[in-house]
Amino acid sequence: MVGESTAAGRSTRIRRAEGVLRAIASGPDTGDRLRRVLEQALVFAGASFAGVYAPGGETGLLCLVESAGVPGSLYGLREGYPVAGHSPVADAHRDGRPVRLGPGDVAGRAESRRAPCGEFSLEALPVRRDGGGCLLAVTEDPGGFGPDARACLERIAEAVTCPVPAAAAEGGELAPHAFRLAVDTGRVEAGHAVLDLFGLDAERFDGRVETLLGQTVPEDLPSLMSVVEADHMSIGDRELEFRVLRPAGPPRWVRLSGRLLPAGQGLPARFAGTVADATSLRSDVTDVARVQRLAAALATAGTVRDVGRAVVAALRGPLRADRIALAELENDRLVVTVLDPPEPEAWPEVWRSQWRTEWPDAPVRAMPALAAALRAGRPRIWPAGAALEPALADVGPGGLAAVPLPAGGRVAGVCLIGWDTPHDVGPDERALLTASAGLAGQALTRAHAFDAEHELVGMLQRQLLPRRLPDLPGALAVARYLPSTAGLELGGDWYDVIPLPDQRVALVIGDVQGHSAAAATLMGQMRTALRAYAVEGHPPDVVVSHANRLLADMGTDLFATCAYVDLGLEEGAAWCVRAGHLPPVLRHPDGTTEIAEVPGGPPLGVVARADFPMSPLRLRPGTVLALTTDGLVETPGGDIDDGIDRFARALAACDPAHLGPAADSLLGSARRSDDVALLLLRYDGMAVRPLRETWTVWRVPEAVRHARRFTRRTLRSWGVGRGDADAVLLAVSELVTNALVHTDGQVRLDLTLVGARLRVTVTDASPRTPVKPTGIGWEATGGRGVLLVEAVSAAWGTLPAGGGKQVWCEIPLAR
């Protein structure tokens, strides 16, 4: 199984790499396509450096034309290698095959002697397009590049389009956004798109770099001169943003990306690269109005979740982030309040399995890197390929920012921002993060105080609700409860899932009139009463009728609505009873929804002797049954029927395979002026159908022997081995004997086999529960039956049944 999972994960990585490379190839080329292709080696192959070497024509060199990651000088890499020499770059280019060097192979080479860093591995792959060349990748992983990483590097090498080095391209045609600068003369060649950005006419351009510099904002000239002046230039990448003057309007931001390329003997070096428009990005990030809009949104944010939504809306677009998570810090735990995007597939497995629950939280100590950032209280940014714990690394494989949210001398929470492709967080983006962090921290503190008051109310209400829903054979149930955010009064919405004998389950949802402590108290009483009546074995209409009479006899002025569904998990047959409540909504396997036509009775507590008719429902495997309260569908001044229709359409759009996220999405449109309870059950059908047999035990002298013979015959037909059969026969003898000796009336024996677990049930007419003796002396003649049953079974107990009881035990079988 582990091998299969690993294989699946590897193929997924390769498919993702292929998809990204196809998107880059089909997108517009703004001059940085090659760099973006190389960046995928950092993301999918785990490389720390990736570069492309291309032939330099008459120079006889393979020149580095583009790179991504850390500087190649850290590994002793050169800007050019002789084509006829002996190097991984030249060997891969000449022979047309990959060259791999591990730490031991590299140790004796010049690269290792010049490298200031520790051990590393090299991988050189030939590039077969545009005159050839070589893709060189470096990793500091002790194991080098694994099979998946090598497969990704092969895809990247196939996608590489080698540009002609500047030293060899004198007089060649330039791409629209490209330029070439001769270091010794200052002569520059520029594509028409570059000249358009500088506001120059291509026919009138004199080819002097001073002409281009004259179009820039004077304040930006010093930093620009440090890039283009020969005295300041050194081997390596250069990237700079500066402003260009325009005849009308504000200056335009442009981004220059270039590299000083070595030349052959007797030829001058060239500075080559691209210039692209950066105005749109700069305006989004540095717009003061954006920060002002965030402040206005946070001023009206009432809850922690509202704060999270405002922060996501302010940051995700301008930062071009792929995912954002906002978490509140409570002691040593992170309580996640907003995940954007909300789809579970967008987040790491640990987030889907542990944090996508009703109250998602995780200890900070589980993420040491994040804990260190929170202790420092300053934003922390990790580049692509950084060594992080899995819970963080997969949030931002192309880069991750952790922004603590300060408030009143402490850290109130943290905002995690992740990118899928390598992303460099510039100074303007850092400034936006810092300003937003301060605003969000203060708003988070205010919202937390508001939420704390409501949490007290919600905690009192949740104590009256099930803490966990039971595991059901052939079905999955999830529930959500949202207290009202209007005022601090307790509400009366409730839900319950009640396991019943014979593979049945009861689903209950209800709403007590009003918002007060009395309503919450009555809610707890009604939930307890309905559960008690259901466990006694009454049919659904009797359960609701008993609850109605109980509420009417309490003498309270309050009433309650209720919907009760009794579902048989073997066949999917159900009976529904309504007492003034909303009808169930069914989502069928084909995606269509149906509002069940279920006639109902009056609310509980209004008419003491009311009738509550039962209506049949049929659930096919894959059907989702939804029960909710009016707080989710009712709007002020709106028709509740329209609200139910909207709820049915929203249910149709949900993914039934992920029932928890489906419940979360359904609650997204809930108005918080009223309580909301939601109960969803997906019926999958039982994989293993129970086998059942029943025997009526007559009160005759040989009744126990007849019961044992019936049991032996049944077990033989079910294929139960003799060793297991002996334990079952002993339990049957003791339970039937106790029923015959200590009770009057009819006795019934039921045998049920589900998988490898056999249930023995003996039903009699006495409500008295058998008591396990605390001790038995040598002279005692009875009292050992319950002890024997307990010894041979995994569990045993009693249930009320129509004025009598059922004594049952479950025995695991070896088969």
Side-chain angles (χ1 to χ4, degrees), residues 13-14 17-18 20-22 24-25 29 32-70 72 75-106 109-112 120-139 141 144-169 172 237 259 261-262 264 272:
R13 192 207 305 188
I14 297 172
E18 293 172 344
V20 173
L21 292 173
R22 284 196 299 269
I24 294 175
D29 186 7
D32 61 345
R33 175 178 293 173
L34 177 57
R35 184 180 183 86
R36 287 188 290 143
V37 169
L38 292 178
E39 287 173 344
Q40 308 317 309
L42 311 182
V43 177
F44 295 106
S48 54
F49 169 85
V52 170
Y53 288 83
E58 297 179 359
T59 66
L61 292 178
L62 289 167
C63 301
L64 182 64
V65 294
E66 188 59 271
S67 68
V70 302
Y75 306 106
L77 300 178
R78 302 173 182 174
E79 296 290 317
Y81 290 93
V83 175
H86 179 60
S87 65
V89 173
D91 292 344
H93 171 67
R94 287 196 313 267
D95 302 339
R97 57 178 179 79
V99 176
R100 302 186 179 100
L101 299 181
D105 303 321
V106 175
R109 289 178 169 264
E111 288 82 359
S112 180
F120 56 91
S121 301
L122 293 174
E123 184 99 7
L125 293 88
V127 173
R128 296 179 173 84
R129 298 171 57 183
D130 301 321
C134 175
L135 168 67
L136 182 65
V138 179
T139 180
D141 192 315
F145 292 104
D148 279 352
R150 289 173 179 168
C152 292
L153 289 177
E154 292 174 359
R155 307 302 194 277
I156 293 169
E158 294 171 359
V160 164
T161 301
C162 287
V164 180
D237 293 325
R259 169 181 291 274
L261 299 172

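The two residues Gly133 and His93 come nearest to each other via the heavy atoms N-ND1, 3.3 Å. Among all heavy-atom pairs drawn from Val37 and Ala159, the shortest one is CG1-CB, 4.2 Å. Contact record, Ala92 with Cys134: CB-SG, 4.0 Å, taken as the closest heavy-atom pair. Across Ala149 and Ala45, no two heavy atoms sit closer than the pair CB-O, 3.6 Å. Here the shortest heavy-atom pairing between Pro88 and Leu101 reads CG-CD1, 3.5 Å. When all heavy atoms are compared, the tightest approach of Ser67 to Phe49 is CB-CE1, 3.6 Å.
Within the 4.5 Å cutoff, the side chain of Pro98 has no heavy atoms near those of the Glu154 side chain. The shortest side-chain heavy-atom distance between Val43 and Val20 does not fall under the 4.5 Å cut-off. Pro103 is listed as a side-chain neighbour of Ser121, based on a closest heavy-atom distance under 4.5 Å. With contacts defined as side-chain heavy-atom distances shorter than 4.5 Å, the pair Leu38/Gln40 does not qualify.
Residues satisfying the salt bridge (Lys or Arg N to Asp or Glu O under 4.0 Å) test with Arg150, not counting sequence neighbours, are Glu123.
Here Arg94 contributes atom CZ and Ser87 contributes atom OG; the two are 7.0 Å apart, rounded to the nearest 0.5 Å. Distance CD/Glu158 to CG/Leu153: 11.0 Å, rounded to 0.5 Å. Atoms CD1 and CG, on Ile156 and Leu21 in that order, are 6.0 Å from each other to the nearest 0.5 Å. The CZ atom of Arg22 sits 10.5 Å away from the CZ atom of Arg155 when rounded to the nearest 0.5 Å. The CG atom of Leu136 lies 8.5 Å from the CG atom of Leu64; values are rounded to the nearest 0.5 Å. To the nearest 0.5 angstrom, Tyr53 atom OH is 11.0 Å from Leu135 atom CG.
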_Evaluate Tyr75 against Ser48 for side chain to side chain contact (heavy atoms under 4.5 Å, CB included), listing each step before the verdict._
CA-CA 10 Å; Tyr75 306 106; Ser48 54; 2.7 Å; yes

